[in-house]
Each structure stands twice: as C-alpha cells, then as structure tokens.
Novice: 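Here it is, the structure, as structure tokens.
Ligands are counted one by one from 1 in listed order, and the atoms in each one are counted from 1 as well. Heads up: numbering here begins at 1 and tracks the sequence.
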Amino acid sequence: MGRIDLHTHSTASDGSMKPAELVRHAKRCGLAAVALTDHDTVDGIEEALEEGNRIGIEVIPGLEISADFDPEMHLLGYFFHENYRRIRPVLDELKQRRNERNPKIVKKLQQMGFDITLEEAVRESGGSVVGRPHIAQVLVKKGYVASVSEAFERYLSHGRPAYFKKSRMTPEEGVRAIAEAGGIPVLAHPIYLYLDPEVLEGLVSRLKNVGLMGVEAFYVDNTPVQNREMEALAVRHGLVATGGSDFHGKFKPDIEIGIGRGNLEIPERALQELKQAAELSK
Ligand code: AMP
Ligand code: ZN
Ligand code: FE
Ligand code: FE
C-alpha cells in the first residue's frame with residue numbers, strides 16, 4: 001500500500017476540485033487510497049469511484065455530517081449499504097436545515113452593510129450543498145475580507161455575528177443514523193469539540209454505546225501530542241484510530257491531500273481496521 005487520506009471534500013460540497021479531479025490529484029500525489037467525505041451529500045461518490053477504477057487508486061465512499069453541539073460536532077461515515085438509499089432521507093433533512101439557515105446568514109450580513117446575495121453563494125457552490133465557505137468566498141471576491149478564514153474569524157464562526165445554528169440532530173442520533181444506513185460512524189477532529197479530556201472520554205464512551213466505531217485521531221490541525229492522545233483515546237475504547245487532511249483544494253490552500261501541512265502521517269492500518277469494522281457490521 002502507500003499513503004492514504006480518509007477526509008476530503010469536493011465540489012459536491014465545499015471543496016474546489018470536482019470529484020474525479022480530486023481522485024486524479026490524490027493519485028498524482030502518490031496516495032494508494034482516498035475517502036471522499038463531502039458535507040451532507042453522497043452526490044460526488046459515483047464519479048469518484050469511477051475515476052478511481054479507471055486510473056487505479058482505491059476510493060472509499062464517505063460523508064461528513066454535523067450534529068447539534070456547542071460549538072460544533074462533525075461525524076464521518078464510511079461505506080454504507082444499498083447505494084446510500086437509507087442515508088438519503090437523513091441527508092435531505094440536513095439539506096433542508098442548511099436551506100433554512102443560509103438565508104439567515106446572508107440577511108444578517110446584508111444588515112451589517114455587505115452587498116451580497118444568497119444567489120451569489122449558490123453560484124459559488126456550483127452544487128446542491130451550499131455552506132458557509134461559499135458565503136465566505138463571496139465576501140472574499142467582493143473585497144470585504146482577505147481570506148475565507150478571515151470571513152469565518154470575523155463573521156461566520158460560532159459566537160460571531162452572522163453565525164446561525166444548523167443541525168437539530170443530537171450526536172447520538174447522528175451516530176445512529178450513519179450506523180443504521182450501514183455506514184461506519186467516526187468522530188471527526190475531536191480537538192474541535194474543545195472538551196476537557198475527561199469530558200471527551202465520557203462523550204466517546206456514550207457515542208460508542210450507540211454505534212461509534214472510530215475516532216479521527218490523526219488530523220491536519222492536531223499537534224504531534226494531540227495525534228498521540230487521540231490515538232490513545234481510540235485504543236482505550238476499542239475504536240479505530242482514523243486520519244485525514246480535511247482537504248478542500250484551493251479553499252484551504254495550505255492543506256495538501258494526504259500530508260496536510262506537510263507533516264501529517266495517516267497510518268495505512270486505519271483503512272484496514274475500518275474495513276474490518278465494516279465487515280463485522282454487515
Ligand atoms: P457549514 O457546513 O456550511 O456550516 O460550513 C462548515 C465548513 O466551513 C467546515 O466544514 C469547514 O470546511 C469550513 N470552516 C469552518 N470553520 C472555518 C474556518 N475558521 N476557516 C475556514 N473554513 C472553516
Ligand atoms: Zn468542508
Ligand atoms: Fe469537519
Ligand atoms: Fe471536513
């Protein structure tokens with residue numbers, strides 16, 4: 001095998017590369033396997049799988065959904081049964097929440113004096129999942145901020161003036177929804193829960209009780225110490241320690257697929273263990 005990456009985004013959500021392009025990019029960067037984990041959609045997966053078959057790189061179907069949590073919780077899901085038939089109603093619901101939230105964000109920004117529209121964000125997205133990164137991109141294009149991350153830091157992040165809640169699924173409901181659709185549920189980037197170690201420990205054990213099978217231990221924004229701590233957390237709970245770069249193409253220009261900011265190392269065994277988990281859950 002070789003390098004792997006279990007967390008990436010395409011134009012199907014808020015990445016800048018088309019699914020096939022992302023798969024070619026992964027191959028060019030020397031990856032042996034890549035998971036496509038778009039927010040709230042499986043729309044990019046078929047194209048990615050086809051391209052993977054064509055050029056000879058393993059593509060793992062996946063997605064990333066948000067659960068209701070302060071400030072935010074993301075759950076990754078891998079594999080799935082029956083052409084995602086059973087996860088689709090969940091994704092439709094999430095998309096509806098998004099479509100209720102996005103106009104609130106834009107309206108607030110308009111009230112703050114920015115000349116932007118929802119249509120511009122939709123155009124920026126090029127797909128059906130419209131999110132904050134697209135709104136941020138409009139603010140960048142119009143010169144209101146210098147970068148997407150500045151837009152988040154000033155306006156769009158939790159606690160900032162144009163933040164509005166989206167998900168109404170509890171963490172437990174999110175894990176169950178993925179598991180019941182034949183997916184392998186993994187807690188994404190635990191550092192962004194900003195929890196004390198003992199609280200995180202309790203949360204992981206609660207989520208394991210409803211079907212959690214992995215923790216994203218090796219993450220682009222982790223320090224080396226955090227990588228080891230999150231891996232140990234996974235091991236303590238008998239969960240798979242997965243890893244990913246959270247690649248978004250040019251929307252996160254400092255992050256490269258497979259290696260993050262250059263020092264990310266995602267162990268190959270994470271994929272083998274995910275597959276074993278998928279086998280066992282059949
Ligand atoms: P949404 O799903 O529309 O709420 O947008 C969430 C996405 O925005 C995340 O998954 C990231 O891709 C992106 N994001 C969140 N916080 C930041 C940040 N501080 N800087 C850049 N991108 C961010
Ligand atoms: Zn994203
Ligand atoms: Fe995330
Ligand atoms: Fe992500």
Side-chain angles (χ1 to χ4, degrees), residues 5-17 22 34-41 44 62-78 91 93-106 108-109 118 121-122 124-125 127-140 145-160 162-169 171 174 178 185-194 214-216 218-222 242-255 257 260-261 264 266:
D5 194 334
L6 298 174
H7 188 158
T8 71
H9 297 272
S10 76
T11 50
S13 65
D14 58 1
S16 69
M17 289 186 186
L22 181 147
V34 62
L36 183 65
T37 55
D38 276 308
H39 300 279
D40 299 356
T41 185
L63 51 68
E64 181 175 27
I65 61 176
S66 311
D68 194 358
F69 191 85
D70 236 4
E72 237 174 278
M73 178 187 292
H74 291 175
L75 298 165
L76 295 157
Y78 297 99
L91 301 181
E93 167 79 14
L94 290 172
K95 209 175 279 179
Q96 195 182 324
R97 297 273 166 254
R98 226 172 235 290
N99 293 339
E100 288 164 11
R101 179 202 62 169
N102 290 337
K104 292 188 201 164
I105 298 178
V106 171
K108 179 72 189 184
L109 289 168
L118 186 58
V122 173
E124 204 57 48
S125 80
S128 59
V129 177
V130 183
R132 286 179 290 165
H134 304 119
I135 298 171
Q137 192 67 19
V138 175
L139 291 172
V140 173
V145 288
S147 65
V148 167
S149 47
E150 189 189 334
F152 271 90
E153 276 151 36
R154 294 176 69 162
Y155 309 115
L156 299 169
S157 286
H158 186 264
R160 297 293 162 206
Y163 176 84
F164 293 89
K165 245 187 185 359
K166 179 179 59 189
S167 184
R168 291 188 203 159
M169 234 183 345
I178 292 171
V186 171
L187 180 63
H189 40 66
I191 54 162
Y192 287 131
L193 299 168
Y194 301 102
V215 169
E216 189 177 45
F218 307 95
Y219 185 68
V220 63
D221 293 337
N222 284 2
T242 74
S245 70
D246 216 345
F247 179 73
H248 281 71
K250 72 173 186 317
F251 295 137
K252 293 191 179 176
D254 55 331
I255 294 174
I257 204 161
R261 295 189 183 84
L264 180 64
I266 305 154

Novice: Check this for me: does any side-chain nitrogen of one of Arg261 and Asp254 sit under 4.0 Å from a carboxylate oxygen of the other?
Specialist: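 So Arg261 pairs with Asp254 through a salt bridge.
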Novice: Are there any protein N or O atoms under 3.5 Å from the N or O atoms of ligand 1? List them with distances, or say none.
Specialist:
unit_1	atom_1	unit_2	atom_2	d
ligand 1	2 (O)	Arg98	NH1	3.4
ligand 1	2 (O)	Arg98	NH2	2.9
ligand 1	2 (O)	Lys166	NZ	2.8
ligand 1	3 (O)	Arg98	NH1	3.0
ligand 1	3 (O)	Arg101	NH2	2.8
ligand 1	3 (O)	Arg132	N	2.8
ligand 1	4 (O)	Arg101	NH1	2.8
ligand 1	4 (O)	Arg132	NE	2.8
ligand 1	4 (O)	Arg132	NH2	3.0
ligand 1	4 (O)	Lys166	NZ	3.1
ligand 1	10 (O)	His39	NE2	3.0
ligand 1	12 (O)	Asp14	OD2	3.3
ligand 1	12 (O)	His248	NE2	2.9

Novice: Salt bridge check, Lys104 against Glu100: does any charged N sit closer than 4.0 Å to a carboxylate O?
Specialist: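 Salt bridge flag = no for Lys104 with Glu100.
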Novice: Around the Fe ion (ligand 3), what protein N, O or S atoms are found below 2.8 Å?
Specialist: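 Short answer, with waters excluded from the count: Glu64 OE2, His74 ND1, His189 NE2.
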Novice: Please list, chain by chain and in numerical order, all residues satisfying side-chain contact (heavy atoms from CB on, under 4.5 Å) with Glu150, sequence neighbours excluded.
Specialist: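 side-chain contact (heavy atoms from CB on, under 4.5 Å) list for Glu150, sorted by chain: Val145, Ala146, Ser147, Arg154.
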Novice: Can you name the residues that form a side-chain contact (heavy atoms from CB on, under 4.5 Å) with Phe251, not counting sequence neighbours?
Specialist: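 If we apply the side-chain contact (heavy atoms from CB on, under 4.5 Å) test to Phe251, skipping adjacent residues, the hits are Ser16, Gln137, His248.
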Novice: Do we see a donor-acceptor contact under 3.5 Å between the side chains of Glu216 and His7?
Specialist: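 His7 and Glu216 do have a side-chain donor-acceptor pair below 3.5 Å.
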Novice: For the residue pair His9 and Glu64, establish whether any side-chain heavy-atom pair is separated by less than 4.5 Å.
Specialist: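 Heavy-atom side-chain distance check passes, below 4.5 Å.
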Novice: With a 4.5 Å heavy-atom cut-off, do Asp246 and Thr8 have their side chains touching?
Specialist: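 No; the side chains remain at least 4.5 Å from each other.
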Novice: Quick one: pull up CG in Leu63 and OG in Ser13 and give me the separation to the nearest 0.5 Å.
Specialist: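 The distance works out to 10.0 Å.
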Novice: Tell me whether Asp5 contacts the main-chain N or O of Ser245 through its side chain, where contact means a donor paired with an acceptor under 3.5 Å.
Specialist: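 Yes; judged by distance alone, with no hydrogens or angles, the pair exists.
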